[in-house]
Peer 1: 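Let me give you the structure first, and then I'll get to my questions.
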Amino acid sequence: MNQTRTTAPAPAVTTATTATTAATAAPRFDLEDATARAAKLRVMIFDVDGVLTDGGLRYGPAGETFKTFDSLDGHGLKLLAEAGIVTAIITGRKSDIVAKRAADLGVAHVYQGVHDKRVAFEDLCTKLSVSAQACGHIGDDWPDLPVLTRVGFAACPANAHAEVQSRCHWIASVRGGNGAVRELCDFILHAQGRYDALLAAALA
């Protein structure tokens, strides 16, 4: 008696896994639009906790606060400055550590202990004589929304709050304090056609 052998179809989980992987790999934003916006930037503004740091607040026995910054992120800010893009910091907390880090990176415009970031942003635009559309901002939580919704280029780390991500033009593939800022800086430099020249200078 002849028997017919049938091959079972691949488990549905394989297809689902593949689809999930593809979705994860794809940018969660409009790449063409983000590139066009980044190409017009003259000023880039950075939040600190959760963006330039991992968001962790570490306290010493005397109540002192410790923050950890990523050196790759820091060099990214320096590269933006070399490309002629003004860098600034607007943060809700006030810390001598942030002032020291900003000085090390050559960030001249630093606003700390800001309750309403919109006010600081408007002051910065006035000082630099730039429009909101010529500015970019990277933040991770609700206090950043008043600026993120006004700038021409809004960005956030991969672990930013969902309400922030839904309003950003660009989203990093990594978390804040773990290379998100460097990834952003590289993206901006590519968008403005400056990346290759800066790399060539580093290799010279």
Side-chain angles (χ1 to χ4, degrees), residues 23-48 50-52 70 72-91 105 107-111 114 117-199:
T24 302
R28 293 174 289 166
F29 54 88
D30 184 329
L31 180 59
E32 184 176 349
D33 177 66
T35 301
R37 289 173 178 275
K40 300 174 184 177
L41 285 183
R42 293 177 56 194
V43 179
M44 189 63 209
I45 305 162
F46 299 84
D47 179 31
V48 176
V51 174
L52 285 170
D70 188 299
L72 289 175
D73 287 351
H75 192 64
L77 268 71
K78 291 182 178 180
L79 290 174
L80 289 186
E82 286 186 44
I85 298 171
V86 176
T87 55
I89 287 174
I90 299 179
T91 177
L105 298 177
V107 180
H109 306 281
V110 180
Y111 296 80
V114 177
K117 293 191 176 185
R118 176 184 54 189
V119 175
F121 172 61
E122 291 174 350
D123 181 73
L124 179 65
C125 288
T126 299
K127 283 182 178 178
L128 298 176
S129 298
V130 296
S131 68
Q133 290 302 303
C135 299
H137 178 49
I138 178 169
D140 69 319
D141 209 345
W142 288 20
D144 299 300
L145 290 173
V147 179
L148 288 170
T149 55
R150 285 171 170 79
V151 294
F153 178 68
C156 68
N159 60 318
H161 191 278
E163 296 293 352
V164 171
Q165 292 194 32
S166 68
R167 290 166 173 81
C168 281
H169 307 115
W170 183 92
I171 303 172
S173 65
V174 293
R175 299 171 63 89
N178 290 278
V181 166
R182 183 55 178 274
E183 184 180 336
L184 169 66
C185 292
D186 287 351
F187 179 80
I188 294 170
L189 293 172
H190 275 296
Q192 298 202 357
R194 300 300 304 276
Y195 186 93
D196 290 342
L198 289 167
L199 177 60

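What you are looking at is a predicted structure, and each value in this text was computed from that prediction instead of being measured.
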Peer 1: Between D141 and P143 (side chain of the first, backbone of the second, donor and acceptor by atom type, cut-off under 3.5 Å), is there such a pair?
Peer 2: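 No.
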Peer 1: Can you confirm whether L80 sits close enough to L189 that some side-chain heavy atom of one is under 4.5 Å from a side-chain heavy atom of the other?
Peer 2: yes
Peer 1: Any chance you could lay out the side-chain contact (heavy atoms from CB on, under 4.5 Å) test for D123 and Y111, step after step, and finish with the verdict?
Peer 2: CA-CA 10 Å; D123 181 73; Y111 296 80; 2.7 Å; yes
Peer 1: Given side chains that start at C-beta, do those of T87 and L105 come closer than 4.5 Å, heavy atoms only?
Peer 2: no
Peer 1: Using the six-membered ring wherever Trp is involved, compare the ring planes of F153 and H169 and label them parallel, tilted or perpendicular (cut-offs 30° and 60°).
Peer 2: parallel
Peer 1: Run the numbers on V181 and L77 for side-chain contact (heavy atoms from CB on, under 4.5 Å), then give the verdict.
Peer 2: CA-CA 8 Å; V181 166; L77 268 71; 3.4 Å; yes
Peer 1: Are the side chains of V174 and P157 in contact, using a 4.5 Å heavy-atom criterion?
Peer 2: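 The answer is no, as the side chains (C-beta and beyond) never meet within the 4.5 Å cut-off.
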Peer 1: How far apart are the closest heavy atoms of L148 and H137, and which atoms are they?
Peer 2: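 Taking L148 first and H137 second, the nearest heavy atoms are CD2-O, 3.3 Å.
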Peer 1: I want to check something: taking the side chain as every heavy atom from C-beta on, are C156 and V164 in contact at a cut-off of under 4.5 Å?
Peer 2: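 C156 reaches V164 side chain to side chain.
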Peer 1: Report the relative orientation of the aromatic rings in H161 and W142; use parallel for angles under 30°, tilted for 30 to 60°, perpendicular for over 60°.
Peer 2: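 The rings of H161 and W142 stand perpendicular, inter-plane angle above 60°.
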Peer 1: Looking only at heavy atoms, which two atoms of A172 and R28 are closest? And how far apart?
Peer 2: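 Nearest pair, atom of A172 first, then R28: O-NH2, 3.5 Å.
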Peer 1: Taking C-beta and beyond as the side chain, do C135 and L41 meet within less than 4.5 Å on heavy atoms?
Peer 2: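 No, every pair of side-chain atoms sits at 4.5 Å or beyond.
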Peer 1: Any salt bridge linking E82 with K78? Criterion: basic side-chain nitrogen under 4.0 Å from a carboxylate oxygen.
Peer 2: no
Peer 1: Kindly compute the distance separating CG (L72) from CG (D186), expressed to the nearest 0.5 Å.
Peer 2: 9.0 Å
Peer 1: Between K117 and D144, is there a salt bridge with N-O shorter than 4.0 Å?
Peer 2: yes
Peer 1: Please report the shortest heavy-atom distance between L128 and V43, naming the atom on each side.
Peer 2: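 Looks like CD1-CG2, 3.8 Å.
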Peer 1: To the nearest 0.5 Å, how far apart are CG in L184 and CD1 in I138?
Peer 2: 5.0 Å
Peer 1: What's the shortest heavy-atom distance between A88 and L124, and which atoms?
Peer 2: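 Here A88 and L124 meet closest at CB-CD2, 3.7 Å.
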Peer 1: Counting C-beta onward and ignoring hydrogens, is there a side-chain heavy-atom pair between V86 and M44 closer than 4.5 Å?
Peer 2: no
Peer 1: Any non-hydrogen side-chain atom of V48 less than 4.5 Å from a side-chain atom of I89?
Peer 2: yes
Peer 1: Has the side chain of R194 got a donor or acceptor atom that lies under 3.5 Å from a matching backbone atom of H190?
Peer 2: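 Such a contact is absent between R194 side chain and H190 backbone.
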Peer 1: Given the rule in the side-chain contact (heavy atoms from CB on, under 4.5 Å) test, do E183 and W170 qualify, once you have shown the distances and angles that lead to the verdict?
Peer 2: CA-CA 11 Å; E183 184 180 336; W170 183 92; 3.8 Å; yes
Peer 1: Does D73 reach the main-chain N or O of R182 with its side chain, forming a donor-acceptor pair under 3.5 Å?
Peer 2: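 Present.
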Peer 1: Between Q133 and K40, does a side-chain contact (heavy atoms from CB on, under 4.5 Å) hold up when you go through it step by step?
Peer 2: CA-CA 8 Å; Q133 290 302 303; K40 300 174 184 177; over 6 Å; no
Peer 1: Given side chains that start at C-beta, do those of F46 and V107 come closer than 4.5 Å, heavy atoms only?
Peer 2: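 F46 vs V107: side chains apart.
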Peer 1: For residues A158 and S173, report the shortest heavy-atom separation together with the two atoms involved.
Peer 2: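 A158 and S173 have their closest heavy atoms at CB-C, 3.8 Å.
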Peer 1: As an exercise, state the distance from CD1 of I85 to CG of L79, rounded to the nearest 0.5 Å.
Peer 2: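 Between I85 CD1 and L79 CG, I get 10.0 Å after rounding to 0.5 Å.
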Peer 1: If you take all heavy atoms of A39 and Q192, which pair is closest and at what distance?
Peer 2: O-NE2, 3.5 Å
